[in-house]
Each structure stands twice: as C-alpha cells, then as structure tokens.
Amino acid sequence: AQKITQTQPGMFVQEKEAVTLDCTYDTSDPSYGLFWYKQPSSGEMIFLIYQGSYDQQNATEGRYSLNFQKARKSANLVISASQLGDSAMYFCAMRYLGAGSYQLTFGKGTKLSVIP
Amino acid sequence: DTGVSQNPRHKITKRGQNVTFRCDPISEHNRLYWYRQTLGQGPEFLTYFQNEAQLEKSRLLSDRFSAERPKGSFSTLEIQRTEQGDSAMYLCASSPNGAGAGDTQYFGPGTRLTVL
C-alpha cells in the first residue's frame with residue numbers, strides 16, 4: 001500500500017522568500033510518480049510538478065522545484081520568491097506507474113500563508 | 001483549451017434523496033477519475049474509467065454510488081439515498097492515455113455536496 005505523509009499542517013512565509021513544503025512517502029513499488037497540487041480556496045486542484053522515481057534530475061517548473069531524495073523517500077516542494085497568490089493548500093500525491101492502477105494517493109495537505 | 005468542467009458546483013439535498021453530478025473531461029482525454037474530499041483531508045480515489053469502461057473502483061464506492069461514462073466522453077456520478085456522511089467535495093479529473101509526466105491528472109473545480 002502507498003502512503004503519503006505531510007507533517008506541516010500550516011506554514012507561513014514572507015512574500016518574496018522561498019519556502020519548503022515537506023512530503024514523505026512509503027511504497028514497495030520501484031516504479032512510481034510523485035505529484036504536487038495546489039488547491040486555492042475555490043477548490044480546484046491545480047497540478048504543479050511531477051517527479052518519476054527513475055528520473056535522475058530533480059524536477060523544476062518555473063518557481064517550483066521538487067527536492068527528490070529517493071533513499072529518504074522524500075519529495076519536498078520548494079517555492080521560490082513567494083507571491084501572495086501562492087496562499088493555498090498544497091497536496092503531495094503519488095501513484096504506481098505500472099499498468100492496471102491509476103489512482104492517486106494524497107497526503108493531508110499543508111496550508112501555506114504568504115505574508116505581505 | 002477548456003479544462004475539466006463539473007456541474008453543479010454546489011448541491012444541497014435532504015437525507016434520503018438521490019443526487020447526480022456531471023463531469024466533462026478535457027477533450028480527447030481517455031481517462032476519467034472521480035475522487036471525494038472531506039474537510040481537512042486530501043482527495044480519496046473513488047473510481048476510474050478508460051473510455052467507457054469502468055476499470056477500477058475503491059471500497060469507498062458503496063452500493064449507493066454508481067458512475068457511468070456511456071460514450072467515453074462525459075461522466076455522471078449518482079448517489080442514491082444520500083446520508084449526512086456523503087457531504088463532501090466530489091472532484092473529477094482526466095488524463096491523456098499513455099502520455100508522459102506520469103499521465104498527469106487534471107482536476108475540475110469540484111461539486112460540493114451538503115446533505116441536510
């Protein structure tokens with residue numbers, strides 16, 4: 001079974017500063033994908049970034065980067081130069097990349113608040 | 001390029017009534033997913049379609065829940081004899097078939113169900 005743990009219920013960051021949101025995972029599958037989603041108060045889950053278990057380099061997408069440490073089973077999200085619009089819930093998720101199962105397993109999320 | 005759409009956005013019903021939600025995926029996305037999200041939790045997988053075939057169902061999907069995707073395009077999720085415990089956000093997502101980036105799932109805005 002897969003499990004995602006996000007230990008930070010809430011985080012504060014000053015505008016323009018960088019922030020790291022923690023995510024650890026547990027799986028026995030060798031082939032898996034890790035995802036981060038942003039959920040503003042409106043409710044829609046917005047895809048941010050993806051990392052495959054066999055990817056050699058850490059993923060980056062604009063101001064988002066994923067600090068992937070496979071041996072520690074962690075996939076932390078780093079947001080650089082925080083903006084007020086980054087205030088939202090952030091969810092880490094994973095799924096097995098083999099055939100037959102496509103469900104995402106989510107953590108409980110971290111609420112990020114950006115302070116002006 | 002339109003995203004995933006869901007209707008209605010909000011639904012209030014009385015216990016014991018039936019409700020039906022609709023999801024229109026991103027056009028040409030073969031895969032469609034339903035998730036449920038309760039307050040303070042991450043989304044939980046309910047079911048998955050590839051084209052019109054329902055290929056995976058969670059134990060959360062009790063006998064009162066049924067989902068269809070009759071022509072491989074839009075999908076409906078029906079809950080019969082609603083209970084107060086069914087109150088949640090119901091999220092729909094879609095993904096292209098076999099694309100890279102872990103077959104990323106793109107979510108709609110959700111339908112928030114309140115059962116009185």
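Quick note on labels: first sequence line is chain A, next is B, and so on, each numbered from 1. Predicted model, so just to flag it, every value in this text is computed and none were measured.
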Within the distance-only criterion (no hydrogens, no angle test), does the side chain of A:Y102 pair as donor or acceptor with the backbone N or O of B:S95 below 3.5 angstrom? no

In terms of heavy-atom pairs under 4.5 Å, which option from B:P43, B:G110, B:A93, B:G40 contacts chain A the most? B:P43

Mind checking whether B:Y33 and A:L104 have side chains closer than 4.5 Å, heavy atoms only? no

Side chain, backbone, both or neither: which part of A:Q51 has an atom under 4.5 Å from a heavy atom of chain B? neither

Does any non-hydrogen side-chain atom of A:R95 lie less than 4.5 Å from one of B:F45? no

Could you tell me if the side chain of B:T104 sits less than 4.5 Å from the side chain of A:Y37, heavy atoms only? yes

Is B:E56 in contact with chain A via its backbone, its side chain, both, or neither, using a 4.5 Å heavy-atom distance? side chain

Beyond-backbone contact of A:Q103 with B:S58, side-chain heavy atoms, under 4.5 angstrom: no

For A:K3, does the NZ atom have more than 12 heavy-atom neighbours from other residues, nucleotides or ligands under 6.0 Å away? no

Honestly, the part of A:Y32 sitting under 4.5 Å from a heavy atom of chain B is neither

Are more than 12 heavy atoms, taken from residues, nucleotides or ligands other than A:K73, located less than 6.0 Å from that residue's NZ atom? yes

State yes or no: do A:Y64 and A:V13 share one hydrophobic cluster built from I, L, V, M, F, W and Y residues joined by side-chain heavy-atom distances below 4.5 Å, directly or via other members? yes

Report, as yes or no, whether the 6.0 Å neighbourhood of atom CZ on B:R64 holds more than 12 heavy atoms from other residues, nucleotides or ligands. yes

Above 12 or not: heavy atoms from other molecules or residues under 6.0 Å from CD1 of B:I12? no

Going hydrophobic residue to hydrophobic residue with side-chain gaps under 4.5 angstrom, can you get from A:I46 over to A:F35? no

How about B:L39: does its CG atom have over 12 heavy atoms from other parts shown lying under 6.0 Å from it? no

State whether the number of non-hydrogen atoms from other residues, nucleotides or ligands found under 6.0 Å of B:E68 atom CD is greater than 12. no

Checked B:Q37, B:Q6, B:R112, B:R9 vs chain A; the most non-hydrogen pairs under 4.5 Å come from B:Q37

Answer with side chain, backbone, both or neither: which region of B:L55 has an atom nearer than 4.5 Å to a non-hydrogen atom of chain A? neither

